2 protein chains.
Amino acid sequence: MATILLIEDDPGVRRGLQLALSRHGHEVRTAETGEDGLRALGAAACDLVVLDLMLPGISGFEVCRRIRAAGGVPVVMLTARGDDFDVVTGLEAGADDYVVKPAQPTVLDARIRAVLRRSAPSDGVRVHGGLRIDTEALTVTLHDAPVALTPTELRLLLTLSRAPGRVFSRRQLLEEVWEHDYLGDSRLVDNCVQRLRAKIEEHPAAPEYVQTVRGFGYRFGPL
Amino acid sequence: MATILLIEDDPGVRRGLQLALSRHGHEVRTAETGEDGLRALGAAACDLVVLDLMLPGISGFEVCRRIRAAGGVPVVMLTARGDDFDVVTGLEAGADDYVVKPAQPTVLDARIRAVLRRSAPSDGVRVHGGLRIDTEALTVTLHDAPVALTPTELRLLLTLSRAPGRVFSRRQLLEEVWEHDYLGDSRLVDNCVQRLRAKIEEHPAAPEYVQTVRGFGYRFGPL
DNA sequence: CGGGACTGCGACACGACTGCGACACGGCGG
DNA sequence: CCGCCGTGTCGCAGTCGTGTCGCAGTCCCG
């Protein structure tokens, strides 16, 4: 589902959560301290950070602020203390969500999925339902299974998913994806959409991701 | 700060939260049931919905699903039950966040601000009464229920709603919507207006949105 | 009060639009 | 040199949208 960095100093909690999140289909890396976590983030990108507040060295709040300042990786905070001060300060520090320990794995997973669903457009990875589009690595996975797209199909998907919900006319797509000048109407776009659907849609007749708006063009996403 | 719709059946809780959120700078409207809430959403747009789960009539989950299906208004759920089932199901239903009662006003406010910060500002949306027209996604909802319009009906509605109150002659509409230079009068516009009314008007005989100005043409909106 | 003009409304047939499979061309690598 | 893969073109079929027609109801004006 997603690559998650877990920053947690307690070895027992760390292994428990790592195991639980792995079972939910995530790839989990771990760090023991805030410094380690920030270094790990710099070394390799991840989709989301689960961050304990009580850390040796730099506090969780400070780590959160630095992560948010550095880039668009969403953060889910994790703490044993459930008092209001933590909630407010944590969210003010830029956390995207907040879970109180002891955390039920199902709860944490639901929160993580909700955050990922929301923060999709902010960074280089776009997640919509079971579809995951990495705009930097130029890879697409469907339910964690890699999907092989041709260059044109990929450009089409990238263009459409750049503005989910917005309708693109065939003319616009021809200009942006094919860089053609308009020469009469062409069934080229329809054809490429059909091929793309065959690869990423479970039911191409009732498409979930690439939808046709009769008379206007195509649209990526819900409704 | 923001306009918030609070859906909560308990009068005491409702007034308490309304007061508290008002003190935090929000404009708060209220509804007692899910039906009332959906109607209120249709009548006037708001920035965010605070939704109690335990409601008479339609359940909070169902209300949440309908709100998300209809459009982009973020939802913060509110419930007395804190068990895992609620959290997971709630977030799966499309809620953006989740607060357990009794809610500290500072916590609720922090959550609301966090959700608002995340939700992108949506433009290109025209709201008139219960009618919502998204000019980018090219979707129309009536009281949060999606309305299926044909391309011509949609172009007609977009043209009329671009200038509410202004009267468009049949000739003008033929040029802008159909791109015909039609000589001679045609009943084409009348026909399309009738079909449009059948879909978006509750009482087509006494139309609320598309009104006829006898001898001149048609007009969108009141008076 | 009556006639004429204007509009609402249902029905129907033609046509446009899209999905979809088949095929040809061309580039690239084995 | 051959074969594969990506890409663009063509044609067919089904669906849905659209324009025309006719009738009935309503409003205006003489």
Side-chain angles (χ1 to χ4, degrees), chain A residues 138 140 147-160 167-220, chain B residues 138 140 147-160 167-220:
Chain A
L138 296 183
V140 176
V147 180
L149 296 182
T150 68
T152 309
E153 289 160 2
L154 184 58
R155 274 200 301 271
L156 176 62
L157 182 58
L158 287 174
T159 301
L160 287 175
V167 174
F168 290 78
S169 70
R170 288 175 174 72
R171 169 71 180 270
Q172 285 177 307
L173 292 173
L174 274 177
E175 288 179 359
E176 292 200 33
V177 177
W178 281 265
E179 297 172 5
H180 271 188
D181 303 329
Y182 186 64
L183 26 87
D185 59 325
S186 164
R187 306 287 315 278
L188 213 168
V189 180
D190 302 54
N191 206 303
C192 193
V193 165
Q194 185 230 324
R195 282 166 174 150
L196 178 60
R197 278 178 180 157
K199 294 185 179 178
I200 67 172
E201 298 281 1
E202 289 187 63
H203 308 287
E208 182 181 355
Y209 303 112
V210 180
Q211 295 167 355
T212 135
V213 182
R214 183 175 253 261
F216 291 96
Y218 295 95
R219 167 178 53 202
F220 180 86
Chain B
L138 298 183
V140 175
V147 179
L149 295 181
T150 67
T152 309
E153 289 161 3
L154 185 56
R155 275 198 298 271
L156 176 62
L157 182 59
L158 288 173
T159 301
L160 289 174
V167 176
F168 291 78
S169 71
R170 288 175 173 73
R171 178 63 180 269
Q172 284 177 308
L173 291 173
L174 275 176
E175 286 179 3
E176 291 201 34
V177 177
W178 280 265
E179 298 171 4
H180 280 188
D181 327 315
Y182 230 0
L183 304 173
D185 58 325
S186 164
R187 304 291 314 281
L188 212 168
V189 179
D190 302 54
N191 205 309
C192 193
V193 165
Q194 183 241 324
R195 281 166 174 150
L196 178 59
R197 279 179 180 157
K199 293 184 180 178
I200 67 172
E201 298 282 0
E202 289 187 63
H203 307 289
E208 182 182 356
Y209 303 112
V210 180
Q211 296 168 353
T212 138
V213 182
R214 193 181 179 87
F216 293 94
Y218 296 95
R219 166 180 53 201
F220 181 87

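Scope of the values below: all heavy atoms of this structure, side chains included, with no hydrogens, waters or symmetry mates. Order of the sequence lines fixes the chain letters, A, B, ..., with proteins taken first and strands second; residue numbering starts at 1 for each chain. What you are looking at is a predicted structure, and each value in this text was computed from that prediction instead of being measured.
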Take atom CG of Asn191(B) and atom P of dC6(C), then tell me their distance rounded to the nearest Å. 18 Å
Quickly work out the Arg170(A) CZ to dT9(D) C1' distance and round it to whole Å. 16 Å
Nearest whole Å is fine: how far is dG8(D) P from Glu153(A) CD? 11 Å
Nearest heavy-atom approach of Glu202(A) to Pro204(A) is O-CD, 3.5 Å
Please name the pair of heavy atoms, one in Pro151(B) and one in Gly215(A), separated by the smallest distance, quoted to 0.1 Å. CG-CA, 3.9 Å
Spell out, as yes or no, whether a donor-acceptor pair under 3.5 Å connects the side chain of Arg197(B) to the backbone of Val210(B). yes
Is the backbone N or O of Glu208(B) less than 3.5 Å from a side-chain atom of Glu201(B), with the two atoms forming a donor-acceptor pair by type? yes
Does a side-chain N or O of Thr212(B) approach OP1 or OP2 of dT7(C) to a distance below 4.0 Å, or not? no
Quantified as the angle between the terminal helix axes (five pairs each), what is the overall bend of the helix from dC1(C)-dG30(D) to dG30(C)-dC1(D) to 10 degrees? 30°
Could you state the CD-C1' distance from Gln211(B) to dG8(C), rounded to the nearest angstrom? 16 Å
Measure from the side-chain heavy atoms of Leu188(B) and tell me the nearest of dG17(D), dT20(D), dG8(D). dT20(D)
Nearest heavy atoms of Phe216(A) and Leu154(B), plus distance in Å: CE1-CD2, 3.8 Å
Using a cut-off of less than 4.0 Å, is there contact between a side-chain N or O of Thr150(A) and OP1 or OP2 of dC5(D)? no
I need the CZ-P distance between Arg155(A) and dG8(D), as an integer number of Å. 9 Å
Within the 4.5 Å heavy-atom criterion, are Asp190(A) and Tyr218(A) side-chain neighbours or not? yes
Measure the distance from CH2 on Trp178(A) to P on dG8(D) and round it to the nearest whole Å. 7 Å
Among the nucleotides dC21(D), dT7(D), dG19(C), which one has an atom lying closest to any side-chain atom of Asp190(A)? dG19(C)
When the distance from CZ of Phe216(A) to C1' of dC17(C) is rounded to whole Å, what number comes out? 13 Å
Donor-acceptor pair, side chain of Arg155(A) and main chain of Val177(A), under 3.5 angstrom: yes
Once base and sugar-phosphate atoms are separated, protein heavy atoms under 4.0 Å mark nucleotides 22-30 of chain D, 5' to 3', with B, S and - as B---BB---
Nucleic acid contacts of residues 194-202 of chain B, taken as heavy-atom distances under 4.0 Å to DNA chain D: Arg195(B)
Considering the options Leu173(A), Leu157(A), Thr150(A), Thr152(A), which one meets the side chain to side chain contact (heavy atoms under 4.5 Å, CB included) requirement together with Cys192(A)? Thr152(A)
Test side chain to side chain contact (heavy atoms under 4.5 Å, CB included) on Leu149(B) and Leu156(B) and set out the steps. CA-CA 10 Å; Leu149(B) 295 181; Leu156(B) 176 62; over 6 Å; no
Considering non-hydrogen atoms only, spot the tightest contact between Leu160(A) and Phe220(A) and give its length. O-CB, 3.6 Å
If you apply the rule side chain to side chain contact (heavy atoms under 4.5 Å, CB included), what do you find for Phe168(A) with Glu175(A), and how did you get there? CA-CA 11 Å; Phe168(A) 290 78; Glu175(A) 288 179 359; over 6 Å; no
Could you walk me through whether Trp178(A) and Val189(A) pass the side chain to side chain contact (heavy atoms under 4.5 Å, CB included) check? CA-CA 9 Å; Trp178(A) 281 265; Val189(A) 180; 4.0 Å; yes
Quick one: is dG8(C) close enough that its OP1 or OP2 comes under 4.0 Å of any side-chain N or O from Tyr218(B)? yes
